[in-house]
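In the text below, chain A, chain B and the rest are named by the order of the sequence lines, each starting its count at 1.
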Amino acid sequence: EETEGTASESEETSGAGNSDDALIVYTNSNSDGRGEWIVEEAEKAGFNIEIVGAGGGDVTNRLISEKANPVADVVFGLNHMFFEQLQAEDILIPYAPAWADEVEEGINDADSYYHGLVKQALILSYNPEFVKEADAPESYLELANDEAFKGIYQARDDLGSATAKVIVASILAQFADPEGELGISDEGWETIERYYANGVQIPEGEDYFTMFASGDAPIGTMISGELAAKMEQYDTEPAFIHPEVGTPQVVESIAIVNGTEQEEKAQEFVDWFGSSDVQGAFAAEFNAMPANKEAEGQITDFQSEIFADVKPQEIDWEFVTENIDAWVEKLELEIF
Amino acid sequence: MNTLKSNWYRINPITVILSFFIVWFVFAFLIYPNVNTIYETFFGTGTFSLEPVEKLLRSDRAIGSILNSILLAFILVVTVNLVGVSLVLFTNYFDIKGANVLKISYFSTLVYGGVALNLGYKLVYGENGPITQFLLQLNPHWNDSWFSGLFAVAFVMTFACTSNHMLFLSSAMRSIDYQTIEAAKNLGASQFTILTKVVLPTLKPTLFALTILTFLTGLSATSAPLVFGGREFETITPMILTFANSSSSKDLATVLALVLGIVTIIVLTFMIRSEEKGNYISISKTKTSIVKQKINNKGLNVLVHIIAYVLFVIYSMPVLAIIIYSFTDSLAISSGMISLDSFTIDNYLLTFSSIEAIRPYLISLVYGFLGSFIVVAFCLLCAYLMKIHNNLLTRTLDYSLMIPWFLPSTLIAVGLSVTFNTGQWVVFNQVFTGTLWLLLFGYIIVHIPFTLRISKSAFFGVNQEVEDAAKNLGANAFYTFIKVILPIIMPTILGIFSLNFIGILPDYDLTVFLYHPLFEPLGITIMNATGNSASADTKALNLVYTVILMILNTLILTTVYGNWRFIRKRKRG
Amino acid sequence: MITFENITIKYDDFTAVENLNFEVKDGEFFTFLGPSGCGKTTTLRALVGLNYPTSGRILVNGKDITKLPTEKRDIKMVFQSYALFPTMTVFENIAFGPKVKKWKKQSIEGKVHEIASKVDLDVNQLQKKVSELSGGQQQRVAIARALVNEPSILVLDEPLSNLDAKLRVQLRNELKHLQKNVGITTIYVTHDQEEALTLSDRIAVFNKGKIEQIGTPDEIYEQSLSEFVCNFIGDNNQLTSLVSKYPDRFSLLNQTDFSKFYSRIERLKIIPESDSFDMASDEVMFEGEIIDFEYYGLYTKYSIMVEGTTLHAVSKEKLQKDMIENKKVKIILSQNDILQYK
Amino acid sequence: MITFENITIKYDDFTAVENLNFEVKDGEFFTFLGPSGCGKTTTLRALVGLNYPTSGRILVNGKDITKLPTEKRDIKMVFQSYALFPTMTVFENIAFGPKVKKWKKQSIEGKVHEIASKVDLDVNQLQKKVSELSGGQQQRVAIARALVNEPSILVLDEPLSNLDAKLRVQLRNELKHLQKNVGITTIYVTHDQEEALTLSDRIAVFNKGKIEQIGTPDEIYEQSLSEFVCNFIGDNNQLTSLVSKYPDRFSLLNQTDFSKFYSRIERLKIIPESDSFDMASDEVMFEGEIIDFEYYGLYTKYSIMVEGTTLHAVSKEKLQKDMIENKKVKIILSQNDILQYK
Ligand SMILES: Nc1ncnc2c1ncn2[C@@H]1O[C@H](COP(=O)(O)OP(=O)(O)OP(=O)(O)O)[C@@H](O)[C@H]1O
Ligand SMILES: Nc1ncnc2c1ncn2[C@@H]1O[C@H](COP(=O)(O)OP(=O)(O)OP(=O)(O)O)[C@@H](O)[C@H]1O
Ligand SMILES: [Mg+2]
Ligand SMILES: [Mg+2]
């Protein structure tokens with residue numbers, strides 16, 4: 001009976017939504033049942049969507065290579081570095097959704113190309129089982145500069161991933177120097193070199209949290225959205241560090257793809273998906289931190305606790321986006 | 001005979017049309033996209049620039065990685081041949097007790113590979129693995145991350161890369177004329193002399209081909225160095241992948257790939273030349289099939305048995321670990337400690353949580369089937385043309401079809417998707433990016449070189465007179481091919497077909513760039529479920545997928561390859 | 001009727017056969033005989049259409065077929081190695097040609113069975129794989145596969161050369177009967193003299209790409225036109241040194257025009273030294289002694305030392321071993337049996 | 001001297017040879033003759049040490065070698081397919097045994113060249129790959145490879161069966177001369193009767209795993225002890241029906257004890273019907289007519305229909321074709337030439 005109900009429902013809505021052509025949504029945020037949840041909810045709301053999932057870098061590359069013949073209508077879940085890149089490649093079209101104003105200040109793109117959905121804080125943490133509170137570092141810089149931490153903290157070198165890139169940006173951005181190489185002072189380069197030289201890399205196929213939990217590398221960066229699940233799985237409670245400069249935050253955003261043939265429907269979908277109701281429900285279901293302030297009511301206690309103490313790091317994302325590829329290249333070639 | 005005949009075949013309109021098709025395909029899909037990429041690298045700014053080369057030359061790490069890759073390739077040529085030949089000797093030449101059981105474990109690399117295989121070795125040799133625990137008990141000061149660096153990479157790859165030996169060297173071994181062994185014995189030769197002077201030289205042509213393959217595998221090693229290499233031992237392909245993913249560094253990726261390509265070409269030419277010198281023709285008219293040799297020297301016999309069973313253990317442990325741990329919770333997986341209540345089938349339930357979960361399997365099966373079918377058909381056609389016309393054109397074709405061996409598949413994928421996202425004149429202004437076709441083309445392209453080599457050697461083994469007979473009885477070239485030649489080479493063809501099939505199923509590197517968004521293949525599903533963006537610890541899922549793939553691959557191998565043999569045997573019996 | 005007109009065939013620069021001219025009559029059993037590498041197969045393949053002459057024409061019943069591809073010719077070939085299709089059953093092998101010609105299924109079946117019984121293959125064997133047959137059976141399959149197409153010309157390239165002696169004789173007989181019964185024009189290639197002599201209506205002896213002689217078996221054997229043919233086709237006694245030693249005794253020979261003299265070994269009669277013999281006027285007699293012999297069962301071959309030359313003679317009568325050693329004998333030979341060459 | 005004592009060899013349940021007892025003398029050329037599958041190779045391999053008897057003993061000069069591994073025996077073998085090492089040159093093939101025995105390099109070289117010239121291989125050919133040699137040359141390499149070890153016993157398993165007739169005859173002669181010159185005890189396996197008869201000092205005829213007769217070639221041929229040997233070793237005329245029709249005419253035969261009668265075809269004389277012939281007392285005469293003939297050059301084989309039985313006779317004299325057809329002839333046969341079996 002239930003299936004019958006949903007079927008008739010979708011039939012009803014199909015008239016309005018022109019549903020024979022599904023809306024194609026690219027995302028890197030469909031794992032752990034999120035994709036299924038979104039498709040289901042969207043269907044209830046009358047949207048026929050098709051989720052295409054891959055890693056953030058892969059999604060970006062796909063979008064770029066499909067530029068001349070785009071497949072996707074909407075993309076969401078990538079962080080702003082990727083969106084900046086997409087915007088620069090002329091892959092997005094601007095659209096200000098109805099909920100744009102409900103989002104925290106400074107998160108949306110000024111030109112309305114993309115708008116924030118979910119906030120992720122990349123929180124430097126230690127495992128109290130292995131590191132005493134007194135011995136804990138205060139910031140990434142201290143990790144790099146104090147030999148005491150050599151070999152016990154995680155320095156992720158998988159620069160294809162967004163997390164590693166953001167950490168690099170978080171460190172380097174503190175050494176911005178228009179005169180320096182690639183906009184970074186020499187001290188900055190030396191620091192990051194030390195940071196990587198003293199840190200522990202996570203081998204392919206290993207999970208950072210495993211190494212964190214086992215004490216192999218008990219200091220590392222936690223991702224706020226994943227924390228709950230990981231903690232439960234490993235039965236490990238990390239202790240957070242709040243550096244003075246703040247904690248880097250990334251925002252997963254949503255945008256419409258240039259060249260979509262269903263622009264109107266895409267807009268409707270964006271309006272719906274970013275709305276406080278949906279984001280609230282999503283946050284409740286998946287323990288996320290919505291960017292939409294109106295959705296705050298449904299935030300889990302766990303997330304509000306985390307974010308209560310987090311002070312966002314001020315990072316000039318435009319500067320970062322402009323240079324990150326060159327930084328990565330330099331790291332790969334000269335520093336690693 | 002060729003000169004006389006080819007004059008006549010050239011006029012055959014079908015041959016002409018097919019030749020045009022092949023030339024077009026090779027140009028459009030092998031040469032054009034890759035040359036395009038290379039052109040962009042050096043002429044991207046409008047003027048010729050060696051900047052990427054300079055950048056790389058300045059980087060110690062890049063140079064180091066290149067040297068490491070080459071070093072690894074050379075080490076593997078030695079170790080893989082050593083182990084591969086041993087495996088074949090243990091299963092086909094020496095009389096080893098329990099050879100049939102040994103064989104199953106030696107064949108295991110056929111059904112799982114890449115990331116999954118590394119995972120298996122990690123479970124066994126990693127910090128929490130039973131081997132490390134054992135070593136720690138022997139010596140508490142043992143470094144628990146001992147299994148890393150060049151040694152670990154070479155170790156894992158040595159045992160991972162022997163599947164071709166098991167397939168192709170075994171069949172070469174079976175075709176040795178046993179009477180030569182008896183003759184040598186009769187002339188007073190010891191078993192060692194027989195092995196080194198009579199048996200191994202006969203396998204030389206096959207060993208040459210396998211050596212080339214091994215070298216290429218070592219050169220482009222990706223996952224094993226990432227998992228086990230650590231900082232001390234980095235190789236080139238992961239670097240290429242990083243750069244290929246970043247739009248502003250693609251030129252670096254191309255240059256590095258070109259370096260790989262050049263090394264490959266040098267080695268290949270060198271090897272093909274010495275291969276020609278070392279070749280021989282078997283002169284035996286009445287071969288007797290090989291009888292397994294019992295090792296006379298008692299001590300040696302015990303030693304060989306020990307080695308065979310040590311290899312058995314080495315090959316079985318990762319597979320067993322994968323299967324066992326796929327039924328445990330993630331705590332057990334990460335700590336290595338298994339207790340009774342670690343066991344669960346939740347992992348499997350999670351994988352098949354919905355009917356939807358079946359879809360990627362179906363899609364990949366269809367791609368796998370179509371891809372390997374077309375690539376085999378295409379390579380057969382090319383090999384056939386090369387057989388009947390040995391001229392400049394076909395020799396050029398031979399080399400052109402090896403292009404995919406010179407480039408990492410990721411780069412081929414990037415080249416394809418970038419080239420065909422706008423209408424190109426070579427493909428009549430069709431846009432392929434975003435269609436179902438592009439991935440299929442990708443699968444076909446990357447599997448061409450290996451398939452072609454094997455098809456060629458199969459063809460040249462067919463008696464020319466059989467072909468003449470069919471023609472004389474009125475059959476045209478096509479009919480002759482389908483009805484007469486194809487059935488003769490079918491076993492080989494099915495072998496290569498299954499290998500390709502198995503290779504396509506879990507592919508990620510190529511797939512991720514080329515798949516149609518609405519038709520998600522298995523490789524993508526697995527990566528999504530287990531990759532970075534997934535929050536839960538996904539090792540368990542990874543293990544489950546590996547087990548499923550192993551089952552699937554075994555099924556494919558036995559239904560496609562095994563069944564054919566079975567049918568033939570039954571018909572005869 | 002098959003006509004070869006000025007056929008020359010080259011492989012690149014190498015001339016394999018040169019300027020062949022001959023005719024094969026309808027229903028004839030015609031044999032190409034010659035040593036290895038003399039161009040027999042090359043000529044045959046040109047007739048079948050598996051290679052093409054560099055110059056010259058091949059006519060069948062007056063029609064030029066020189067450039068017709070093999071699949072269009074009504075000439076079927078039995079290959080030296082049989083070239084059976086290893087993946088097919090015997091039935092499928094034989095039915096291959098008819099299937100290509102899209103005969104009706106029923107008529108194929110009928111015809112295959114008919115031909116199979118003609119070459120003595122039973123219904124059981126038809127369902128077997130070809131690899132399960134013995135050499136002789138395989139050969140019959142190869143012949144049946146060619147015959148079922150009812151070709152007007154059948155061509156066989158050394159079909160017996162891979163077999164052992166006993167089987168060869170047996171198959172040779174079968175082949176001859178078959179040809180007699182079916183009456184097809186047959187071109188047969190061999191380098192086995194015995195085979196050529198017992199099977200053929202006419203023989204063409206090849207040497208180094210040229211035909212040295214065409215004739216019936218007894219013409220070839222008894223009136224060999226050249227020294228090459230003479231030596232190739234049978235065992236001979238070299239008489240040259242005897243003749244030059246005693247030119248007067250060989251008065252019937254033309255010793256001005258010719259310088260080499262042979263006789264077939266079976267033409268030499270041996271009688272014990274003590275026996276007397278009535279010599280005819282054309283006969284010559286020498287004395288010699290037996291130095292060796294070879295026992296063949298059917299006959300014994302003796303080596304006789306005559307005036308420093310070893311001569312051979314065959315005899316059905318066998319002498320006791322101890323009687324032979326150094327036994328003095330007389331040998332008698334008719335001058336009419338001597339073959340003379342330049 | 002080689003002695004086989006009660007040798008039985010089984011493959012699993014199947015008894016390939018049963019209870020063999022015989023001796024081979026030093027320097028003898030001893031041949032195993034028999035149809036395919038009768039156990040010749042099996043026996044040979046037991047002698048060489050490539051398989052082991054299920055029961056019984058093999059002695060060489062009184063020493064029991066039954067269980068000695070092949071590499072320790074001084075018996076070298078030439079394999080049916082030669083089993084040359086395809087990856088080595090001719091020289092390396094021949095030098096294989098000496099190298100294994102660690103002879104000095106120089107003496108190896110000398111010895112190889114010496115043996116090579118003995119089997120007529122020149123220095124050029126020594127450097128070739130074995131696949132570049134013709135069949136006959138390959139065989140000589142195989143023989144040289146065995147001979148170079150100076151074995152006391154040489155064993156050859158159908159070394160000629162893969163060759164064509166002409167080459168076979170040539171190599172057969174070489175083999176015989178070689179054996180005579182070197183004087184090695186030679187065991188030879190063949191299923192070619194002619195080969196066995198011309199080569200051997202003594203022959204053992206095998207049938208179904210047992211030896212039916214051992215004897216010199218003429219004993220085997222002329223006094224075949226069993227019907228099997230009689231039929232296997234040569235062409236026969238089946239006289240049983242004639243004898244039973246005219247028992248009186250064959251008065252010298254033992255018709256009570258025996259029921260089957262044969263004669264060798266060369267024992268039958270044919271004379272024109274009109275000729276008269278002085279019959280000896282042991283001779284019988286029948287009238288018949290020639291129905292067919294086969295021309296062999298060396299002789300002609302006639303088929304004569306006599307009282308409903310087809311008999312064969314050979315004759316060096318050739319009759320003209322038109323004279324033959326339905327020609328009435330008389331045939332004459334000595335009763336002493338008739339072989340009798342139960
Ligand atoms: N494909 C080829 N290329 C060059 N030369 C060839 C080729 N085939 C044959 N020949 C040469 O042509 C000559 C005649 O060859 P052919 O095969 O006709 O000989 P044959 O009389 O059939 O000999 P055989 O009795 O050994 O089969 C030989 O000298 C041979 O070496
Ligand atoms: N390895 C084996 N296993 C079982 N049976 C065998 C084996 N080898 C030979 N035989 C059987 O033993 C019998 C004798 O074989 P053998 O090879 O000695 O015959 P042969 O006289 O040499 O025959 P040919 O002339 O064909 O070489 C045959 O019936 C054969 O089928
Ligand atoms: Mg030939
Ligand atoms: Mg045998």
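- Proximity to chain A involves both the backbone and the side chain of B:F513, based on heavy atoms less than 4.5 angstrom apart.
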Under the salt bridge (charged side-chain N to carboxylate O under 4.0 Å, His left out) criterion, do A:E332 and B:R61 qualify, and how do the steps go? CA-CA 8 Å; A:E332 289 277 353; B:R61 181 170 178 247; 2.6 Å; yes
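- Residue A:E232 does not touch chain B at all, counting heavy-atom pairs closer than 4.5 Å.
- Under the 3.5 Å distance criterion, with hydrogens and angles disregarded, no donor-acceptor pair is assigned to the side chains of A:Y234 and A:N127.
- Contact of A:N61 with chain B is made through the side chain alone, with heavy-atom distances under 4.5 Å.
- Ring centroid separation for the pair A:Y195 and A:Y153 comes in under the 6.0 Å cut-off.
- Taking the six-membered ring for Trp and the full ring otherwise, the centers of B:F228 and B:W146 sit at least 6.0 Å from each other.
- For B:L514, the part lying near chain A is the backbone, with the side chain staying farther off; criterion is any non-hydrogen pair under 4.5 Å.
- Listed options B:L226, B:N128, B:L119, B:L56 were ranked by heavy-atom pairs under 4.5 angstrom with chain A; first place goes to B:L226.
- Between the side chains of B:T525 and B:E520, at least one donor N or O sits under 3.5 Å from an acceptor N or O.
- Between chain A and the residues B:H516, B:E234, B:M239, B:K55, the most heavy-atom pairs under 4.5 angstrom are made by B:K55.
- Between the side chains of A:S224 and A:Q120, at least one donor N or O sits under 3.5 Å from an acceptor N or O.
- Side-chain N/O atoms of A:E66 and A:Y26 include a donor and acceptor closer than 3.5 Å.
- At a 4.5 Å heavy-atom cutoff, the contact between B:K122 and chain A is made by side-chain atoms alone.
- Of the atoms belonging to A:E329, heavy atoms from both backbone and side chain fall under 4.5 Å from chain B.
- Of the atoms belonging to B:F519, not a single heavy atom falls under 4.5 Å from chain A.
- For a residue to count as touching a neighbouring chain, one of its non-hydrogen atoms must lie under 4.5 Å from one of that chain's; by this rule A:D235 does not touch chain B.
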